[in-house]
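Here's the structure, in structure tokens; my notes come after.
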Amino acid sequence: MLSVRVRYAPSPTGSLHVGSARTVLFNWLFARHHGGAFVLRIEDTDQSRSTNAFAQRQQEILHWLGLEWDEGPGIGGPHAPYNQMARLPLYANALQRLKEAGAVYPCYCSPEELAARREQSRRAGRAPRYDGRCRDLTSAERRAFESEGRRPAWRLRLPDDGETVVHDLVRGDVTFAHAILDDFVLVRSDGLPVYNFVVAVDDAAMEITHVLRGDDHLANTPKQLFVYRALGVVPPAFAHLPSVLATDRSRLSKRHGPVSIEDYREQGLLPEAILNYCALLGWSPGDGREVMSLHEMVEAFSLDRVGKAGSVYDVDKLRWMNGQHLHQLDPTELLRRVEPWLRADGLLKHIGGDEGPAPEAVLALVQERVETLADLPEAIRYFYVRPSVFDPAGVRRHFQPSAAPLLRAAAGRILALEPFSEHSLEVAYRALAEELSVKAAVLIHPTRLALTGRTVGPSLFALASLLGRQECVARVFDAAERIESGAFSM
RNA sequence: GCCGGUAUCGUCUAGAGGCCUAGGACGCCGCCCUCUCACGGCGGUAACCCGGGUUCGAAUCCCGGUACCGGUACCA
């Protein structure tokens, strides 16, 4: 079997969203699974909507996701260039061949005329197809149009009857009657080629073996098959992936909230989690596994396990998935990833000096309590900055006047503790509780609040041992003092 | 309108005619663990779009309907 070559061919008209990411991922997984090549190609022939900025952003986010391409922009390859505006001569050449073969003809109808006729047909209840009026123009007629100053678009001549069947790898055979197809435009009157033409020319030129794309392309596939036929090349295999939908089952778009991968990155989601989640949109390994590494996905990926029905993406599950991956991260790696968030938060300058606890140890303590990187600065702040605000509900519950002597007693024990460790702290606290005839929780809760300003968080003894003796004593005394002075009672 | 596709818990899905009293996951609820919160564990909630066939037997095959999605551009 020929070595597998797939491609992802985005048009740079927006940022990469979950649906496109899913499509890239499937292509990438398919290529890696088969040891083939993954090509990136920029389809920028829609000059009115394409921008270079979008192209750059899409590539940048692909790098971030770790979906590297083997050929394409930035790295080149045997079929360069990889953006279509730079490949115009190829299309001109292909068109020339089609002209010589008599497969295409010039059409002098203006877009306005066509739109008007389409509208008319639609109103009359007829199919809004091109009527083929320029199909058999005599050379005199052509000259007449030319002398009017009209520039022709080039249309592909299609058979009026018969049918074309697309052998789709996920949907099986899909049949299209030729009667519903019209002679479509290959090259616009301004000389720029159109998608259905260039996609086939490029996939052929780049020796693409499998086209994996969204199922919104299924209905256009027969047209592309005609281009391959006219060009005399064997078409690639096709696999149309089910679409990714918004919660209301409509097509995903900006108005459904944050759906671009850039948004997710800003929310502190991990690339491996996004990829893992995307993989499960329309595919499953079949053995019940859900949380998987990229490597596992490559190993398990197969087109015949891709479903046919569209799937609604679910932010809750994405976030859960993120938590799963984040919890597995080695604290050193987690620190590396969270750095930008700590910097943005202003917390980074407090970390890493001789003063505070080792960040890796702190992260290890809180990582299973957060879901995203964005949650982390808040979760670790009190390790590096004394709490300035105390949870109001916590204050009402745990900072009653009766708590002050308890805190003073506790501080005394901490001061005298030898050695100072998580274990000795726990022993001392439980002993003290025993002596005072209170439940350990009665000591623990006010202490946590004094130390962190919160009522929730990691094990008190673990966090206290990281905070250090001096800091613990200072914070606990301080809280006792403020309770006594009535600073909390207002 | 026409053409095409799709249809299993709210959501992602498993299911290739008997293994289905329909399994797993997210979410939600309860319990356990426990110094709180999380993590984890246990349990619960909840689905085969409808109608006809075929078959001894259908979530699975066929037909029809319905709904949804896509295409029908000198967009991609």
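Every chain is numbered from 1, with letters handed out A, B, ... down the list of sequences.
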Among [options], which nucleotide sits nearest the side chain of [X]?
| X | options | answer |
| --- | --- | --- |
| A:T45 | B:C39, B:A76, B:G24 | B:A76 |
| A:W320 | B:G15, B:G27, B:G71 | B:G27 |
| A:Q324 | B:C12, B:G40, B:A76 | B:G40 |
| A:D314 | B:C12, B:U11, B:G70 | B:U11 |
| A:R249 | B:C74, B:U36, B:U11 | B:U11 |
| A:V174 | B:C35, B:G5, B:C74 | B:G5 |
| A:E290 | B:C39, B:G1, B:C12 | B:C12 |
| A:R49 | B:A76, B:G15, B:C26 | B:A76 |
| A:H445 | B:U36, B:G71, B:A76 | B:U36 |

Euclidean distance for [atom1], [N] against [M] (whole angstrom):
| N | M | atom1 | result |
| --- | --- | --- | --- |
| B:G53 | B:U6 | P | 25 Å |
| B:C49 | B:G57 | C1' | 23 Å |
| B:G44 | B:A7 | C1' | 28 Å |

Checking salt bridge (charged side-chain N to carboxylate O under 4.0 Å, His left out) for the pair A:R151/A:D190: CA distance, chi angles, key distance, verdict? CA-CA 7 Å; A:R151 306 297 308 149; A:D190 65 3; over 6 Å; no
Parallel, tilted or perpendicular: which describes the rings of A:Y108 and A:F145, with under 30° parallel and over 60° perpendicular?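 Rings of A:Y108 and A:F145: parallel, as their planes differ by under 30°.
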Once you measure the plane-to-plane angle for A:H217 and A:Y195, does it fall in the parallel (<30°), tilted (30-60°) or perpendicular (>60°) bin?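 Taking A:Y195 first and then A:H217, their aromatic rings sit tilted (interplane angle of 30° to 60°).
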Name every residue in residues 423-431 of chain A that has at least one heavy atom under 4.0 Å from any atom of RNA chain B, in order of residue number, or write none if there are no such residues.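 Of all residues in residues 423-431 of chain A, the ones placing a heavy atom under 4.0 Å from RNA chain B are A:R430.
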Determine, for A:R469 against A:E471, whether the closest basic-nitrogen to carboxylate-oxygen distance falls under 4.0 angstrom.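 No salt bridge links A:R469 with A:E471.
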Is the NZ or CZ atom of A:R155 both under 6.0 Å from the centre of the six-membered ring of A:Y130 and within 45° of that ring's axis?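 A:R155 over A:Y130 ring: yes.
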Using a cut-off of strictly less than 4.0 Å, decide whether A:R22 has a side-chain nitrogen or oxygen near OP1 or OP2 of B:C12.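 For A:R22, the contact criterion (side-chain N or O under 4.0 Å from OP1 or OP2 of B:C12) is not met.
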If I take atom CG in residue A:D182 and atom C1' in nucleotide B:G4, what distance separates them, rounded to the nearest angstrom?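 Distance check: A:D182 CG to B:G4 C1' gives 15 Å.
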Rounded off to whole Å, could you give me the CZ-to-C1' distance for the A:F238 and B:G5 pair?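 In whole Å, B:G5 C1' lies 17 Å from A:F238 CZ.
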Partner lookup for B:A38, please. Criteria are Watson-Crick or G-U wobble with both distances under 3.5 angstrom; report none if nothing qualifies.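 Here B:A38 is not engaged in any pair, so there is no nucleotide opposite it.
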In terms of the nearest nucleotide of RNA chain B, which residue is placed more toward the 5' end: A:Y277 or A:V456?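 Taking each residue's closest nucleotide, the earlier one in sequence belongs to A:Y277.
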Using a 5.5 Å cut-off between ring centres and planes within 30 degrees, is A:H217 stacked on the base of B:A76?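 A:H217 vs B:A76: stacking yes.
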